[in-house]
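A quick write-up on the structure given underneath.
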Amino acid sequence: AKLKKAGSWQTLQMMVIVISQFVYIGTMARLLSKADFGLMAIASAFIGFGTIFSEGGMGAALIQRKNITQKHMNAALQSGILIGGLIFTVFFFSSKYIATFFDQPQLDMLIKVIGVNVVLHAVSGTSMMLLQKYFQFHKTALITITSTIIGYIVGILLAFEGYGVWSLVVATLTTSLINAAGFLYLVPVKFSLQVHIKEWKELFSFGSGIILLQFANFFSERGLNLILGKILTVDLLGVFERTSKIKILPSVYIGKILDTIMFPVMSEIQDEHERLFRIYQQSLGMVNSLLMPIAAFLIFYSEEVVLILLGKDWLEAVIPLQIMFLVLPFSSSGRMADSVIRAKGLIYKNVVRKYIYVTVLICTTTLGAYFYGVIGAAIAVTFSMLFNYIIMLFLVKRVFKKPITEIFLKPVIEGVKLTTFVLIIIAILNTLFNNWGQPSVLNFLIISGIMTSVVLIIVLKKPSLL
């Protein structure tokens, strides 16, 4: 019952945020230039890097640890505020050198202002993780939905007024400020001047591993923008960043829902080996059943997706988007493996896999972008994600000591069946609509409505099919 209720609230949060994000992306892409998104991609990458250290893995450590005291909470908050403030100071005084390195003068003031986000994340992180630990997902959902919608509205209004890249910055800061105020109000962790070294060490023993994993995740996502910012023009970086953003939309929220819910659940049963494996296998099967058909659908209609979300001026994003959609299901599957490893407390076993993947990703993406531009970068990202999925399977196999058929084949089979069914339906419906001479975008919207209705009916009436 606890898991079902948490899933319902997380699903509601996902639906509201996805819909609002579609509106936000589509509106901002028509109001801002590609260069605006390129600049924001570089600035956000630095802030993402700083956030890793300001959070310090303390929130995840609070969830994973079975018994915590007020001193543990204080230690996590103290650590976040202290390190967050230090990182903000470093970014503030080094921003002009960063701007010079990328040959983008605007980055100087952008990084100075958006650096506040590091501190805001540090302030809200402990309270948010405590809500997740005790399955108060209805509260986290309400705060997250409210902050996201208000932030997007502020950003759109500023973009209409011609503030360019600053509309993206203020939208981000507005969302983070509301999150910080809301989570602290719901879980008011008191800031204590007394230093709790013992409790900090207990959390850091787990949190340090999380930092290593988050550092790897950073370079597999936002960190790439720092590398590509030196290879591609700021306009092409904007195209790559928007393409990557659209690519992860279907998987990031499904994966995040499962990770947010399953990590606390798996942590509770971390010593029940067989039960933990069954939950992992079922969750992975559900992810594949949802994302494999979605990937096939989106590859077929990538041009329509770009026209709707970005507009006709962004058509160079179509081919890179199709390439990256190929590995859509594998990104969420990797998140499930991370949840299992973290729940078992075996952080460092996962670190090696992550860094092998990141090394391959950085090398191939750098070469791909240098020689073939955005399309080369997209091919490299796709290859690297497939490579990551393969080595993830072997790690999970070592943890559970199960045959590869149970770890890989069973979760994939249902996804393949549903994907085949979806492709047949798409071919039939697309042929019918083309014969009627309907515009391709209208075809996409109608077929999307039909397919969404079918999925909802399956979820409500026959969830076992997933």
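Start at 1 with the first residue, then count along the sequence.
The backbone N or O of Ala141 sits nowhere less than 3.5 Å from a side-chain atom of Thr144 that would complete a donor-acceptor pair.
Salt bridge Lys34/Glu241: absent, no basic N to carboxylate O contact under 4.0 Å.
Here the straight-line distance linking atom CZ of Arg222 with atom CD1 of Ile52 works out to 9.0 Å at 0.5 Å rounding. Taking CD1 of Ile87 as the start and CG of Leu82 as the end, the distance is 10.0 Å to the nearest 0.5 Å. Rounding to the nearest 0.5 angstrom, the gap separating the CD atom in Gln322 from the CD1 atom in Ile299 is 7.5 Å. A distance of 4.5 Å separates OG1 in Thr419 from CE in Met292, rounded to the nearest 0.5 Å. Taken to the nearest 0.5 Å, the CD1 atom of Ile114 stands 4.5 Å off from the OG atom of Ser44.
Using a 30° and 60° split on the angle between ring planes, Phe219 and Phe215 fall in the perpendicular class, above 60°.
Minimum interatomic distance between Val374 and Leu236 (heavy atoms only, all atoms of both residues): CG2-O, 3.8 Å. When every heavy atom of Ala377 is checked against every heavy atom of Phe240, the shortest pair comes out as CB-CE1, 3.7 Å.
No side-chain donor-acceptor contact under 3.5 Å links Ser124 and Asn179. In this structure, a donor-acceptor pair under 3.5 Å is absent between the side chains of Thr175 and Thr148.
Taking the ring centre of Phe101 as origin, the terminal cationic atom of Lys230 falls inside the region bounded by 6.0 Å and 45° from the ring axis.
Contact of the Phe37 side chain with the Leu168 side chain is registered, since non-hydrogen atoms from C-beta on lie closer than 4.5 Å. Side-chain contact between Val113 and Leu173 is present, with at least one heavy-atom pair separated by less than 4.5 Å.
By the side-chain contact (heavy atoms from CB on, under 4.5 Å) test, Thr366 pairs with Ile227, Ile231, Ile362, sequence neighbours left out. A search for side-chain contact (heavy atoms from CB on, under 4.5 Å) contacts involving Leu158 returns Val154, Tyr163, Ser167, Val170, not counting sequence neighbours. Remark: Ile156 engages Tyr24, Thr27, Met28, Phe160 in a side-chain contact (heavy atoms from CB on, under 4.5 Å) (not counting sequence neighbours).
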